[in-house]
> 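Sending over a structure as structure tokens; questions will come in a sec.
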Number of protein chains: 2
Amino acid sequence: MSLLHSPPGSNAERSRAYNRGLVLGHVRRAGASGRAEIARASGLSTQAVSNIIGELVAEGWLYQAGRRKGGRGQPAATYAIDGKAGVAFGIELRPDAVLCAVIDLDGQTLHTARTAVSRAAPEHVKPLVQTLFDTALAETGTPRARVLGAGVVMPGPFGRTGVSGLSTELPGWDGIDAEALFAEALCLPVTVENDANAAAMFERVSGVATGLSSYAYLYFGTGIGLGLVSDGVLLRGAFGNAGEIGHIPAPYQGTLRPLEEIASRMALTARLRGSGEAAETVADLERLFGERHPAMMAWIEGACPALSHAIHILENIYDPEAVIIGGALPASLLEHLTRTIELPAASISNREDRTRPRLLAGTAGRMTATLGAAALVINQTLTPSLALST
Amino acid sequence: MSLLHSPPGSNAERSRAYNRGLVLGHVRRAGASGRAEIARASGLSTQAVSNIIGELVAEGWLYQAGRRKGGRGQPAATYAIDGKAGVAFGIELRPDAVLCAVIDLDGQTLHTARTAVSRAAPEHVKPLVQTLFDTALAETGTPRARVLGAGVVMPGPFGRTGVSGLSTELPGWDGIDAEALFAEALCLPVTVENDANAAAMFERVSGVATGLSSYAYLYFGTGIGLGLVSDGVLLRGAFGNAGEIGHIPAPYQGTLRPLEEIASRMALTARLRGSGEAAETVADLERLFGERHPAMMAWIEGACPALSHAIHILENIYDPEAVIIGGALPASLLEHLTRTIELPAASISNREDRTRPRLLAGTAGRMTATLGAAALVINQTLTPSLALST
DNA sequence: TTGATAACTCAATTGGTTTGACTTAATCCT
DNA sequence: AGGATTAAGTCAAACCAATTGAGTTATCAA
């Protein structure tokens with residue numbers, strides 16, 4: 001019997017925290033709103049919303065944005081989020097570097113930094129992250145109290161004990177409770193996720209998935225990953241390792257091969273190297289795509305049917321509002337892929353009443369996952385759940 | 001902008017309903033439990049649990065089961081669920097028949113019935129279901145007040161308006177709000193799902209998924225369906241049509257074909273018909289499998305790699321605790337399939353620390369979905385969520 | 001027998017929402 | 001212009017349910 005302790009019980013305080021999140025989330029999604037409007041949307045009484053808004057204004061989260069015009073009755077005083085009222089700190093751990101970012105409640109990027117490291121062992125990383133955090137606060141002029149929490153992106157598989165055999169790509173982190181380590185180092189609530197999940201959240205907080213609540217996100221990191229968002233919440237699977245889409249078989253020249261051997265940055269770089277091009281950075285890839293390098297175009301030709309296959313599977317299994325592709329590829333290339341990938345016809349997503357494309361290009365670039373780490377925290381404050389750790 | 005109204009705000013009453021569900025759920029999963037134990041597991045105070053238990057005992061949901069022995073301190077008085085305290089009514093609508101079932105909180109089947117119909121149009125079905133409900137109550141001697149709700153299984157796609165093009169297999173139900181219709185007819189809260197989702201829930205409430213909270217369920221109906229359970233809750237996708245796994249391409253003799261053309265009852269029946277066997281019922285299939293009919297064995301040989309492929313995909317995308325296969329096939333055949341399907345090695349589910357098999361055989365038989373319809377309701381009362389309609 | 005331990009209860013307190021009566025500010029209608 | 005209507009919002013009291021802290025009871029261990 002798995003002794004997963006059940007979600008926490010509810011009491012007055014937790015209700016308040018939950019309802020505050022509801023109000024903030026509504027204002028974030030719908031823009032400046034009046035009390036009555038929020039009350040109707042949330043099922044709370046106007047009085048409750050009024051109390052909560054009073055509190056949020058006093059604490060600086062909301063400010064009065066204006067008044068509605070037109071219509072009968074007294075015009076509503078509308079309130080909007082002060083984006084600067086809260087920020088989130090994102091950390092990405094890679095074998096050769098530690099990246100960090102700060103984004104605010106609006107999803108605006110306030111700060112990014114990259115530090116190369118020779119060893120990513122916990123004892124090296126911990127003080128480094130503390131320094132990075134202090135620097136980030138100083139540079140953005142953010143008081144510590146305004147930091148909602150920290151998100152951490154690192155290669156899985158994650159700590160749910162004894163996943164022997166599969167060891168992490170990050171030396172020295174096997175069996176380490178990263179969440180506790182960073183929570184202690186930064187004195188903040190910490191969320192740990194893989195790159196794809198984090199990047200998926202960034203799209204929701206400030207990218208192309210704004211307004212979506214159930215979607216699938218294909219992330220080009222080194223390999224290829226998948227983030228699944230359901231009702232605004234990430235699916236993590238039973239052991240926290242959901243989204244290993246790189247392993248699934250995809251068609252390639254008449255055979256089936258793991259998707260990541262066909263449609264990943266790894267595969268692309270290998271192919272370019274084969275034709276004598278060393279493409280280390282996103283800028284390199286952009287240039288090579290710009291000049292329509294034959295090896296690049298050959299990779300695209302192979303990747304598109306494989307991605308189409310993956311999308312077909314995702315759509316039919318998951319029925320998302322959209323599938324998004326993003327990550328460490330140049331924007332031009334992602335754009336090209338969304339135009340070139342042929343969407344399967346035999347799909348429940350192929351419906352007439354769609355208002356949005358089935359396939360979208362997400363944020364491009366090497367920092368997506370780092371920004372996503374911070375976005376995890378923003379999303380949590382705006383999409384409350386009783387299971388929330390904060 | 002999708003105006004999905006946000007989840008309802010929390011107040012004292014909703015908190016209580018939620019916490020009651022938490023207590024009931026704990027007792028259901030862990031067996032007879034003491035107040036303090038439940039308090040620790042749920043994060044509530046003993047006093048809160050005490051009050052809730054008092055209420056639940058007064059209302060007949062719980063009864064005192066005994067006292068713990070041994071250990072220091074005062075022995076805990078333990079409480080257990082009275083399975084008979086609540087029942088759920090399940091309805092399955094098919095083009096040629098209406099099935100119904102009653103199960104109790106323990107997941108025990110109290111009643112099943114099948115009525116052939118010539119037309120399954122709403123105006124015919126509604127009075128029929130009312131009669132079936134009354135008969136079921138009378139036969140099981142259940143007072144109306146003990147019925148927690150009704151679950152309805154019917155072919156999708158579901159009502160989220162205007163899914164033109166895709167029309168339901170059930171004539172006359174296009175654009176009908178089945179939930180409202182049955183809620184009004186039976187004066188009960190109603191949940192509508194597809195067959196695979198419902199059957200998946202039956203496994204959780206009384207079958208092989210007891211104690212699992214994240215798993216994937218492959219359902220053999222006419223075609224093949226998928227139910228995904230995540231943290232005890234069904235994933236429905238953005239438009240309520242998640243789980244259309246029958247459309248995904250699977251390997252068959254060197255080519256890729258839709259899974260349901262290879263590994264479904266439809267495919268099996270077609271193949272048997274091709275060799276002159278009319279297999280209409282599960283019993284027919286059982287006989288043919290018992291005598292190892294060549295057409296049956298050929299189907300199995302083709303279906304196994306295709307199912308293995310599907311399982312590979314599910315495991316790597318969802319990271320479930322287990323994959324379950326069940327539905328309208330004979331138990332012996334399902335058993336055989338779980339033994340014969342080769343589980344992919346390149347899977348995150350292929351871990352050393354597993355305590356449970358990766359692939360399990362679920363409940364077999366033609367009534368699985370009907371029982372699942374009822375199980376939906378039982379699961380809701382035992383796995384509380386703030387979003388709950390009740 | 002006594003002390004430690006744990007489960008449980010009682011009564012008061014606390015936190016938060018709802019309810020209902022009232023005020024304010026705009027448009028509509030005559 | 002002026003009253004009716006409509007809607008937003010406030011105030012204070014009532015209400016609901018969880019927590020807190022002190023006290024009781026039952027068992028084991030020394």
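None of the values given here were measured: they were computed from a predicted structure. Lettering of chains follows the sequences in order, A, B, ..., and the numbering in each one begins at 1.
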> Examine distances only and state if a side-chain atom of A:Asp104 and a backbone atom of A:Lys84 form a donor-acceptor pair shorter than 3.5 Å.
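Side chain of A:Asp104 to backbone of A:Lys84, a donor-acceptor pair under 3.5 Å: no, none is there.
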> Once you round it to whole Å, what is the distance between C1' of C:dA6 and CD1 of B:Ile38?
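My rounded result for the distance is 16 Å.
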> Using only modelled atom types and a 3.5 angstrom limit, is any donor from either the side chain of B:Gln74 or the base of D:dT25 paired with an acceptor on the other?
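Such a pair is found, so the answer is yes.
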> Rounded to the Å, how far apart are B:Glu37 CD and C:dT5 P?
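Checked: the CD to P distance equals 21 Å.
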> Figure out the CG/C1' separation between B:Asn51 and D:dT20, and round it to whole Å.
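Rounded to the whole Å, the gap is 13 Å.
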> Considering only D:dA8, D:dT10, C:dT17, which nucleotide approaches the side chain of A:Arg16 most closely?
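Nearest to the side chain of A:Arg16 among the choices is C:dT17.
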> OP1, OP2 of C:dG16 versus side-chain N and O of A:Ser15: anything below 4.0 Å?
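False: A:Ser15 side-chain N/O out of range (4.0 Å or more) of C:dG16 OP1/OP2.
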> Heavy-atom nearest nucleotide on DNA chain C for B:Arg67 versus A:Ser45: which residue maps closer to 5'?
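This one resolves to B:Arg67.
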> Of A:Arg72 and A:Thr46, whose closest DNA chain C nucleotide lies nearer the 5' terminus?
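First, find each residue's nearest nucleotide; the 5'-ward one identifies A:Thr46.
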> Given D:dT10, C:dC8, C:dG16, identify the nucleotide with an atom nearest to the side chain of A:Ala12.
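Closest nucleotide to the A:Ala12 side chain: C:dG16.
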> Please state how far atom CG in B:Leu44 lies from atom P in D:dA17, giving the value in whole angstrom units.
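Those two atoms, CG and P, are 13 Å apart.
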> Is A:Asn11 close enough to C:dG15 that one of its side-chain N or O atoms is under 4.0 Å from OP1 or OP2 there?
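Indeed not, no polar side-chain atom of A:Asn11 lies that close.
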> So does B:Gln47 reach the base of C:dC10 with its side chain, donor to acceptor, closer than 3.5 Å?
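Answer is yes: a donor-acceptor pair is held.
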> Whole-Å distance between C:dT5 C1' and B:Arg40 CZ?
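Nearest whole value for this atom pair: 12 Å.
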> Do B:Asn51 and B:Glu55 meet the criterion of a side-chain donor-acceptor pair at a distance under 3.5 Å?
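On atom types as modelled, these side chains do not qualify, holding no pair under 3.5 Å.
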> What is the distance, to the nearest angstrom, from the CD1 atom on B:Ile52 to the P atom on C:dC8?
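About 14 Å, once rounded to whole Å.
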> Does any N or O in the side chain of A:Ser33 come within less than 3.5 Å of the main-chain N or O of A:Gly31, such that one atom is a donor and the other an acceptor?
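Yes; judged by distance alone, with no hydrogens or angles, the pair exists.
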> Please classify the nucleic acid contact of A:Ala48 as base, sugar-phosphate, or nothing, using heavy-atom distances under 4.0 Å.
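Base contact - A:Ala48 has a heavy atom under 4.0 Å of at least one base atom.
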> Closest to the B:Glu13 side chain: D:dA8, C:dT18, D:dC16?
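Nearest listed nucleotide: D:dC16.
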> Among the nucleotides C:dT17, C:dA7, C:dT9, which one has an atom lying closest to any side-chain atom of B:Ala76?
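Minimum distance to the B:Ala76 side chain belongs to C:dA7.
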> Rounded to the Å, how far apart are B:Arg35 CZ and D:dA18 C1'?
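Atom-to-atom, B:Arg35 to D:dA18, this comes out as 17 Å.
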> Do the non-hydrogen side-chain atoms of B:Val49 and B:Ile52 ever get within less than 4.5 Å of each other?
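SC-SC contact between B:Val49 and B:Ile52 ruled out.
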> Using only side-chain N and O atoms of B:Arg68, determine if any of them is under 4.0 Å from OP1 or OP2 of C:dA7.
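It does not, given that no N or O in the side chain of B:Arg68 lies less than 4.0 Å from OP1 or OP2 of C:dA7.
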> Report yes if a side-chain nitrogen or oxygen of B:Arg20 is closer than 4.0 Å to either non-bridging phosphate oxygen (OP1 or OP2) of D:dA17; otherwise report no.
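So the side chain of B:Arg20 is outside the cut-off, no N or O lying under 4.0 Å from OP1 or OP2 of D:dA17.
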> What nucleotide among D:dA17, C:dA25, D:dT10 has an atom nearest to a side-chain atom of A:Pro75?
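The nucleotide sitting nearest to the side chain is C:dA25.
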> Starting the side chain at C-beta, find the nucleotide from D:dA8, D:dT19, C:dA7 nearest to A:Ala36.
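My answer, after comparing the listed nucleotides, is D:dA8.
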> Could you check if a side-chain atom of B:Leu137 sits within less than 4.5 angstrom of a side-chain atom of B:Arg146, using non-hydrogen atoms only?
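Answer no - side chains too far apart.
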> Which whole-number value in Å describes the distance from B:Leu22 CG to D:dA18 P?
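Rounded to the whole Å, the gap is 11 Å.
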> Whether the side chain of B:Arg35 engages the backbone of B:Tyr79 through a donor-acceptor N/O pair (distance < 3.5 Å, no angle test) should be reported.
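Here the side-chain-to-backbone pair does not exist.
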